[in-house]
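All residue numbers in this chain count up from 1 along the given sequence. Model, not experiment: these values are computed from the prediction.
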Amino acid sequence: MVCAAQRLSLERKTIMVTGGAGFIGSHTVVQLLKQGYTVFIIDNLYNSVMEAVHRVRRLVGPQLSNNLHFHHVDLRNKHDLEIIFSKTKFDAVIHFGGLKAVGESVAEPRRYFDNNVVGSINLFQVMGKFQCKKMVFSSSAAVYGQPDEIPCVEDFHLQAMNPYGRTKLFVEEIARDIQKAEPEWRIILLRYFNPVGAHESGEIGEDPRGIPNNLMPYLTQVAVGRLPELNVYGHDYPTKDGTAMVTLLPCKRFLRQKKSVVVPTTWEPAAGHQCFKWLLHLKRLLARKSLLKCVPGGPEMLLLSMHLHTRRKMNLVGRQNTV
């Protein structure tokens, strides 16, 4: 007869989270642990720190921390991946690991293809070798480029406009080809823009190494004095104050429980705000007179908002899924 503790151990699933020490990855790991999963973080700590993993442990407590394991591994090192998979049976992989700065990708495209595409291919190969064929791939709404219509919906034409977006689109195509050849694979392609926020405890949030490439971490670093000011490029857009519209997505809405598995899903973001409006909110909180400088420039066209409408789509590769 199997006791309750043994039954729980038998039922617990094991999830690998690549990039699990990063912003979205660390929040995902917290939710997985709270739902009873065993989690293995794979991260090379290029744009994250080990402190994030320590804080995840503090958040979930000592008992759940026993179900969290960390490996300092680069996905481009296939041998190290094989060692990990040979020792643990994984039920699924949530794949966040990769470089993600658009401007940097334009300056260093080879590095982005090496990290994002080669690393993902290695992961697919090792997963297949060890019969782990379920993945959530953290893609990007950058795969749409600048669509002809706004708001953008999920089944719009895919036309990435920069190396970063193309790395995401290439991995999506690889995933589709793998699933077509091996129908037992189940892969969710998750596209999103601008997740923001922090855990309600304040223990984990978005604090990248170096100069941030996203609006909110840049703003918060200006607020605490790490950076002098925010440059707002362009102030002649067709908005109330002339600055670009930015739609930010609360990180807490990134995850939801779906039957017996916790996976990221699509959602409709809150209404967008002009850059000045985000700055005004922050200035009220900080009582600072000046946080920004307006400079000429900015893209000729602007993706104002991104709404992933709820409808039947091929969101789950190989099987129609309602999101």
Side-chain angles (χ1 to χ4, degrees), residues 15-26 28-29 40-49 69-88 90 92-145 158-182 184-192 208-210 213 264 317-318:
I15 308 296
M16 174 182 284
V17 181
T18 71
F23 173 42
I24 299 299
S26 60
T28 302
V29 170
F40 281 68
I41 293 175
I42 306 298
D43 204 305
N44 65 3
L45 299 180
Y46 172 78
N47 196 34
S48 56
V49 293
H69 308 271
F70 176 84
H71 291 277
H72 188 185
V73 168
D74 193 305
L75 293 177
R76 292 170 295 174
N77 191 326
K78 188 176 177 182
H79 176 69
D80 285 355
L81 276 178
E82 289 181 335
I83 291 174
I84 296 169
F85 273 84
S86 69
K87 295 179 179 179
T88 304
F90 292 100
V93 173
I94 302 179
H95 180 26
F96 292 114
L99 302 177
K100 68 178 189 67
V102 170
E104 184 181 64
S105 78
V106 174
E108 302 180 67
R110 286 180 296 176
R111 190 156 71 93
Y112 269 68
F113 293 128
D114 185 30
N115 277 269
N116 294 6
V117 180
V118 174
S120 297
I121 290 172
N122 285 345
L123 183 59
F124 278 123
Q125 289 178 333
V126 176
M127 287 176 66
K129 179 177 179 178
F130 290 92
Q131 298 301 307
C132 174
K133 298 187 176 182
K134 293 180 180 178
M135 176 191 280
V136 177
F137 171 56
S138 177
S139 185
S140 170
V143 298
Y144 297 109
L158 302 177
Q159 49 184 0
M161 298 180 66
N162 54 68
Y164 164 70
R166 279 188 280 275
T167 66
K168 294 296 188 179
L169 185 54
F170 292 164
V171 176
E172 285 196 9
E173 295 290 356
I174 291 168
R176 279 186 277 268
D177 287 340
I178 289 173
Q179 196 283 326
K180 184 177 180 181
E182 304 172 50
E184 65 272 20
W185 279 81
R186 290 292 179 263
I187 306 170
I188 294 175
L189 306 175
L190 174 64
R191 301 167 184 158
Y192 55 100
R209 293 177 182 267
N213 290 284
V317 173

Smallest separation among heavy atoms of [X] and [Y], with atom names:
{"X": "N116", "Y": "S120", "result": "O-OG, 2.6 Å"}
{"X": "P163", "Y": "F113", "result": "O-CE2, 4.2 Å"}
{"X": "D114", "Y": "V118", "result": "O-CB, 3.0 Å"}
{"X": "D74", "Y": "N44", "result": "OD2-ND2, 3.1 Å"}
{"X": "L189", "Y": "A175", "result": "CD2-CB, 4.1 Å"}
{"X": "A160", "Y": "R166", "result": "O-NH1, 3.3 Å"}

Hey, does [Y] have a side-chain heavy atom less than 4.5 Å from the side chain of [X]?
{"X": "F40", "Y": "I15", "value": "no"}
{"X": "E82", "Y": "F85", "value": "no"}
{"X": "K134", "Y": "W185", "value": "no"}
{"X": "T28", "Y": "I94", "value": "yes"}
{"X": "C132", "Y": "V93", "value": "yes"}
{"X": "L123", "Y": "M135", "value": "yes"}
{"X": "R186", "Y": "K133", "value": "no"}
{"X": "F137", "Y": "I174", "value": "no"}

Between S48 and D43, do the side chains contain a donor N or O and an acceptor N or O under 3.5 Å apart?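 Present: a donor and an acceptor within the cut-off.
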
In terms of side-chain heavy atoms, does H95 have a donor or acceptor partner in S138 at a distance below 3.5 Å?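 On atom types as modelled, these side chains do not qualify, holding no pair under 3.5 Å.
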
Residues forming a side-chain hydrogen bond (donor to acceptor under 3.5 Å, both in side chains) with N77, sequence neighbours excluded: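 Expected list: D80.
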
Show the numbers, then the answer: is there a side chain to side chain contact (heavy atoms under 4.5 Å, CB included) between E104 and R111? CA-CA 9 Å; E104 184 181 64; R111 190 156 71 93; 2.9 Å; yes

In terms of the angle between their ring planes, are Y112 and Y164 parallel, tilted or perpendicular, with boundaries placed at 30° and 60°?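 Because their plane-to-plane angle is over 60°, the rings of Y112 and Y164 count as perpendicular.
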
Is it true that R176 and E172 make a salt bridge, defined as a side-chain N closer than 4.0 Å to a carboxylate O?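 E172 and R176: salt-bridged.
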
Please confirm whether the ring centroid of F130 lies under 6.0 Å from the ring centroid of F90.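 Here the rings of F90 and F130 have centres that are no less than 6.0 Å from each other.
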
When you look at F70 and L45, which way does the side chain to side chain contact (heavy atoms under 4.5 Å, CB included) test go after all the steps? CA-CA 11 Å; F70 176 84; L45 299 180; 4.0 Å; yes

Quick check: does any side chain N or O of T18 sit under 3.5 Å from a backbone N or O of F96, one acting as donor and the other as acceptor?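 Judged by distance alone, yes, a pair lies under 3.5 Å.
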
Donor-acceptor check, side chain of N115 to backbone of G98, threshold 3.5 angstrom: yes or no?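 No.
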
Apply side chain to side chain contact (heavy atoms under 4.5 Å, CB included) to residues I42 and M16 and explain how you reach the verdict. CA-CA 7 Å; I42 306 298; M16 174 182 284; 3.7 Å; yes

